[in-house]
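Below: one structure, written as structure tokens.
Atom set for the values below is all heavy atoms of this structure, side chains included, hydrogens, waters and symmetry mates excluded. A, B, ... follow the sequence lines: proteins, then strands. Residue 1 opens every chain.
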2 protein chains.
Amino acid sequence: MKQVRLADVAELAGVSMKTVSNVVHDYPHVAPQLRKSVQEAIDQLGYKPNLTARRLATGKTGMIALAMPEIDHPYFSELSRHIAEGATRRGYRVIIEQTLSDVDAEHAVLKDREAGLVDGVIFHPVRMNTLEIAKLRRDTPLVLLGESTTPVTTDHVMIDNVSAAVDSVKHLLSLGSRRIAFLGVVEHDITGSTDQRLLGYQQGLVGAGIALNPDLVFPVPDFSPEASAEAVTAALSRGVDFDGVVCRDDKFAIGALRGLTAAGVKVPDDVAVVGWDNTALGSYTTPTLTSIAPDKLRLAEVALELLAERINGYQGIGRHRVVPHSLAVRHSAPAPGS
Amino acid sequence: MKQVRLADVAELAGVSMKTVSNVVHDYPHVAPQLRKSVQEAIDQLGYKPNLTARRLATGKTGMIALAMPEIDHPYFSELSRHIAEGATRRGYRVIIEQTLSDVDAEHAVLKDREAGLVDGVIFHPVRMNTLEIAKLRRDTPLVLLGESTTPVTTDHVMIDNVSAAVDSVKHLLSLGSRRIAFLGVVEHDITGSTDQRLLGYQQGLVGAGIALNPDLVFPVPDFSPEASAEAVTAALSRGVDFDGVVCRDDKFAIGALRGLTAAGVKVPDDVAVVGWDNTALGSYTTPTLTSIAPDKLRLAEVALELLAERINGYQGIGRHRVVPHSLAVRHSAPAPGS
DNA sequence: ATTACAGTTTACAGCGCTGTACATTGGTCC
DNA sequence: GGACCAATGTACAGCGCTGTAAACTGTAAT
């Protein structure tokens, strides 16, 4: 039951350890028949290289950490999947770290209490601000995701939230909506996302010559669909008149759908709804959800690419990459004229 | 930029490496003032223990692998979250491995091409059968999840699918349903889940003295909601008369909801629907979905517990643990009399 | 003063692998 | 035939840490 070591194979094959190592690694300059006999020894003993030892010797771990708020949120789980696949393709394993949007947990991600665990980190911060990130940042290669403002020294991948929000508004306008609401502004929301999306919402309206109306910006107490359903219900009962909603989030959009439907308001005929993130959830609602679709695959690929470059020694200033988005058009805000 | 080593700290503090190590590990028998001065040296140099080296020396990696078909499937992402949290609580880090239901990938999980990476593996197989698992299984501690039949030698955690299906049927019966359908039997489905759920479905009906009707077992070409929506639509247009549906899966239930709604059939009034897995999806549908709710938290905890015992040397025969389930009652099949 | 002993601290040999520097071999070319 | 060279193969010193055994304390008991 004892672990078979390189030395054991070397002894059996009657060669040096290094030669066995070379065979394991398919090093080109090994004589064919020697390679064969070494391989036989490997097979016979059932030798498996010990990764930990290899890592200590090479200094590379072949692992990256993926730190996000919650892995069971559809947006994050979908993104994780792409990152996991891309990482595998690049020969990395992924270790997951859930911060649960906890400040301490986020600090821990950057603080590196221990070294040599991973070669790099992909991190989607929620509660940390630029300053803290810049201050805590260690030597481990790091790529940031999401909309928080980030230190110029750090790589960052995101979509253009402002222009995406503008796109949402434009789509609603093209459907004939004129009184377009924004759902939801969450109290104490520390993510920059809401700000940027709200900004784009305003920009879209102003660009179309429509006056802003503060009553059309719906606050929501928390991030649940329930809360946003209530927010919509409350707006309706206040008599707020609207015919389109840009939602901060698919979950909010789902709440909106529910609140509207419950009040007998028809979606999309009376009110068209656009969500955000194009999570799988949107395919499961009734009606199905039109939603801003960040190119998650691209996001994952770019993040991995930047990280790989850092791991391979790139030392330059932070790169800030904007990844494309589109609008996934479904029934809650269909294509114009359909 | 060079990594600070234990030896560096030792030199600065004027003590042996081992003493520094003892301080790092809070070993009790270190004189207070020595401990203090060593700690100062640690802080001054910003020393961080190198985990890889520690692992090589101790032989423990402090990591477990979590291998599942797809991490962005709601059931798996929710389960992953619990496992990740439980693992963290127990001092383990989790590395994720997606098999994408691919045979080779599943083989790779068990095959251990490399050693010393993780202390143990939690694996939810889909395509491998008992025999293959038993054959490939290596020395790494392993806990299996899911409904495939598993080798007696291996630990396994699951819910009682048969009795859960019976519960579904009973619930529908309590609502007055009598012509209860089962959706969906997928061609070439290699998971044991469907079989067991179908078995429970039959058992529930027979137990209530209701004759089985093959027409009420709806086949579905694949695992998508679209396919199951079509299957329901097809059944309706065949003139199949039913007033309740037990679904193999929440995704199927969502498809059923869609197909029924599209055909003008009222849920739950005309047809009550029960899903399976109680994924978050079920809260987002209209109507919300009643669903078999495996105790995912418990599932995660038990799996981790069994794995921890294996890691700590337990060598006994495979333990097969059944974890409780319940029925999450929502609108698609409400509580009787509500 | 001597012994005993619990409490501290140290020296050092690995953990299993790889990189480096060097040794060996057998051609090839004049 | 000797020089040169590319292709192969080897020896061995680490990578940074921990476990073990042994070596010191100082104090209490004899």
### Lys/Arg-Asp/Glu bridge criterion (N-O < 4.0 Å) met for Arg35(B), Asp26(B)
yes
### Task
Measure from CG on Asn22(B) to P on dA11(C) and round the result to the nearest Å.
13 Å
### Atom-to-atom span, NZ of Lys60(A) to C1' of dG19(C) - whole angstrom
15 Å
### Message
Tell me whether Arg319(A) is salt-bridged to Glu309(A), with the criterion being a basic N under 4.0 Å from an acidic carboxylate O.
### Response
yes
### Message
Are the side chains of Leu100(B) and Arg81(A) in contact, using a 4.5 Å heavy-atom criterion?
### Response
yes
### Message
With a cut-off of less than 4.0 Å, is there a side-chain N or O of Ser16(B) near OP1 or OP2 of dA11(C)?
### Response
no
### Message
Looking at Arg127(B) and Glu106(B), is any side-chain nitrogen of the basic one under 4.0 Å from a carboxylate oxygen of the acidic one?
### Response
no
### Task
For Gln33(A) and dA7(D), give me the distance from atom CD to atom P, rounded to whole Å.
17 Å
### Query
Charged N to carboxylate O below 4.0 Å: is that the case for Glu301(A) and Arg90(A)?
yes
### Task
Take atom NZ of Lys135(B) as the centre, draw a 6.0 Å sphere, and report whether it contains more than 12 heavy atoms from other residues, nucleotides or ligands.
no
Polar atom pairs (N or O), protein with nucleotides 15-20 of chain D, under 3.5 Å:
residue : atom : partner  : partner atom : Å
dC15(D) : O2   : Ala57(A) : N            : 3.4
dG16(D) : N2   : Ala53(B) : O            : 3.4
dC17(D) : OP1  : Tyr47(B) : OH           : 2.3
dC17(D) : OP1  : Asn50(B) : N            : 3.2
dC17(D) : OP2  : Leu6(B)  : N            : 2.5
dT18(D) : OP1  : His25(B) : NE2          : 2.3
dT18(D) : OP1  : Arg54(B) : NE           : 2.9
dT18(D) : OP2  : Ser21(B) : OG           : 2.8
dG19(D) : N7   : Lys18(B) : NZ           : 2.9

